[in-house]
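Only heavy atoms go into these numbers, but all of them, side chains included; no hydrogens, no water, no symmetry mates.
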Amino acid sequence: MTKHSPAPGDPIRWGILGTGFIAGLQTQDLVDNGFTVQAVGSRTLESSRRFSERFGIPSAHGSYEALVADPEVDVVYVATPHTFHYTHTLLALNAGKHVLVEKPFTVNAREAQELAAQAEAQGLVVLEAMWSRFLPHMARLREIIAEGSLGQIRKVTASHNQNLPKDPAHRLNDPALGGGALLDLGVYPVSFVFDVLGAPDSIRASAAMTATGVDRQTAAIFEYPDGQQAIVDCALDTASNNRAAIIGTDGWIDIEPTWYNPTPFTRYDNQGNVLERFDQPVTGRGMQYQAAEMERLIRAGVTAGTVLPPSESVAVMAAMDEIRRQIGLTYDADTARDGSSNE
């Protein structure tokens, strides 16, 4: 299907696929920051109508298929659970819609590569909703790294530990729904490491598992050819302050809790003297920044930006695949549709 490109000056119209918690957070930031939210789609018309009334959305659809077919929608935000990201993103792409898809991009690298290739072939934008990448403090961090004032980056550390529901039937603990700490929480620090250091040369990972067979906590060391290291950890049943640090030969940066939220950071020289304190207020949760990047790409007529191109989302999923291989965590999606293994 041919994509629809808004004329200059026309609003880009959003469709929300899914009506769960994360869909509400993104939609609130869209509405509060002047984006045009045109339609919402759910598995039931009742759920869709409740969501549309809550946010003042003009159109409510009783199926995902009806949402992506809506000619008044230009870009679809996919907010369903991990295991449906591939199917629902492909549904939207095949309807000629640009797609902002919740993180993790997919369940594994094979699915991620297929979506990236499909979007590129159709001239459509598919962007992973790793919203922390687009926050103001992350943009400033990239500027500092590019300036070289930290010297050679030697180490990156990042944690994402939360005390989440322990019900075995909850999606977080259900392997059939892509449960476990890594996909839900670990994707944040893994993506952060890629942002700072790029893809690692090798990974060493360890985990402890739940009774349902998903990882309850995971830690990994990323190793690079020049000796740099990144240390990431995540857990779904123990909370922590969730700090991150970038450590170089000429100084370091301490990102305060919670590092992946809008938060301050302090830059030090290697003697511990404060060189910079960054603290920029952000309205709402801060998910409007990824939406702004999505619209920028659409208006520019390009399928990938520099902050998080689809190729990097694929590489992040490949790293997560390797971690899962080492800790023995598999999902149904790891068996390709032709019956062969994704391992």
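Checked by atom type, the side-chain pair Thr83/Arg171 shows no donor-acceptor distance below 3.5 Å. For the residue pair Thr210 and Asn173, no side-chain donor N or O sits within less than 3.5 Å of a side-chain acceptor on the partner. Side-chain contact annotation: Gln122 with Gln118, donor-acceptor N/O pair under 3.5 Å present. Between the side chains of Asp237 and Asn163, not a single donor N or O lies within less than 3.5 Å of an accepting N or O. A donor-acceptor contact closer than 3.5 angstrom links the side chains of Asn108 and Asp334. Under the 3.5 Å distance criterion, with hydrogens and angles disregarded, a donor-acceptor pair is assigned to the side chains of Asp184 and His82. Side-chain atoms of Asn242 and Thr258 form no donor-acceptor pair, as typed in the model, at a separation below 3.5 Å.
The pair Glu53-Arg49 fails the salt-bridge criterion, with no side-chain N (NZ, NE, NH1 or NH2) lying under 4.0 Å from an Asp/Glu carboxylate O. Salt bridge status for Arg140 with Glu143: present, with a side-chain N to carboxylate O gap under 4.0 Å. Using a 4.0 Å cut-off between charged side-chain N and carboxylate O, Arg243 and Asp254 make a salt bridge.
With contacts defined as side-chain heavy-atom distances shorter than 4.5 Å, the pair His98/Ile12 does not qualify. Residues Val232 and Ser159 form no side-chain contact, since every pair of their non-hydrogen atoms from C-beta on lies 4.5 Å or further apart. Two residues are said to be in side-chain contact when any heavy atoms from C-beta on lie closer than 4.5 Å; Glu293 and Leu100 fail this criterion. Inter-residue side-chain proximity for Tyr224 and Ser202 is flagged as unmet; no heavy-atom pair is nearer than 4.5 Å. With a 4.5 Å cut-off on side-chain heavy atoms, Val316 and Lys103 do not count as touching. Counting heavy atoms from C-beta outward, His85 and Phe105 have side chains that stay 4.5 Å or more apart. The closest side-chain heavy-atom distance from Pro310 to Gln113 is not below 4.5 Å.
Taking the six-membered ring where tryptophan is involved, the planes of Tyr260 and His160 are tilted, since the angle between them lies from 30° to 60°. Using cut-offs of 30° and 60° for the angle between ring planes, the Tyr268 and Trp252 rings count as parallel.
Checked by atom type and distance alone, the side chain of Asp269 pairs as donor or acceptor with a backbone atom of Gly272 at under 3.5 Å. Under the 3.5 Å distance criterion, the side-chain polar atoms of Thr303 are left unmatched by any main-chain donor or acceptor of Glu120. In terms of modelled atom types and a separation under 3.5 Å, the side chain of Glu312 and the main chain of Gly198 share no donor-acceptor contact. Remark: side-chain polar atoms of His137 are paired, donor with acceptor, to backbone N or O of Trp259 under 3.5 angstrom. Distance alone, capped at 3.5 Å, is enough to place a donor-acceptor pair between the Glu111 side chain and the Val107 backbone. Between the side chain of Ser63 and the main chain of Ala66, a donor-acceptor pair closer than 3.5 Å is present. With Tyr331 contributing its side chain and Gly179 its backbone, the two residues share a donor-acceptor pair below 3.5 Å.
Hydrophobic clustering, with ILVMFWY side chains joined whenever heavy atoms are under 4.5 angstrom apart, keeps Val187 apart from Leu172.
Sorted by first and then second residue, the pairs that involve residues 191-207 and meet salt bridge (Lys or Arg N to Asp or Glu O under 4.0 Å), not counting sequence neighbours, are Arg133-Asp195, Arg142-Asp195, Arg204-Glu223.
The heavy-atom pair separating Glu128 from Ser313 by the smallest distance is OE1-OG, 2.7 Å. Residues Gln228 and Ile153 share a closest heavy-atom pair of CG-O, 2.9 Å. Of all heavy-atom pairs between Arg324 and Leu182, the closest is CG-CD2, 3.5 Å. Across every non-hydrogen atom of Ala23 and Gly18, the tightest pair is CB-O, 3.3 Å.
Considering only residues two or more places apart in sequence or on other chains, Arg54 meets the side-chain hydrogen bond (donor to acceptor under 3.5 Å, both in side chains) condition with none of them.
Atoms CG and OG1, on Leu90 and Thr106 in that order, are 12.0 Å from each other to the nearest 0.5 Å. Atom-to-atom distance recorded for Asp250:CG and Arg154:CZ is 9.5 Å, nearest 0.5 angstrom. With rounding to the nearest 0.5 angstrom, the CD atom of Gln229 is 10.5 Å from the CD1 atom of Ile247. With values rounded to the nearest 0.5 angstrom, His61 atom NE2 is found 14.0 Å from Thr44 atom OG1.
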Worked check of ring-ring contact (aromatic ring centres under 6.0 Å, His included) between Phe55 and Phe51: CA-CA 6 Å; Phe55 293 105; Phe51 196 90; 4.8 Å; yes
When you look at Asp70 and Arg13, which way does the salt bridge (charged side-chain N to carboxylate O under 4.0 Å, His left out) test go after all the steps? CA-CA 11 Å; Asp70 189 333; Arg13 300 161 300 181; over 6 Å; no
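Of the residues Gln290, Arg285, Glu102, Gln288, the one that meets the side chain to side chain donor-acceptor pair (under 3.5 Å) test with Gln26 is Gln290.
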Residues 33-43 side chain polar contacts: donor-acceptor under 3.5 Å, at least two apart:
unit_1	atom_1	unit_2	atom_2	d
Asn33	ND2	Asp29	O	2.8
Ser42	OG	Ser47	OG	3.4

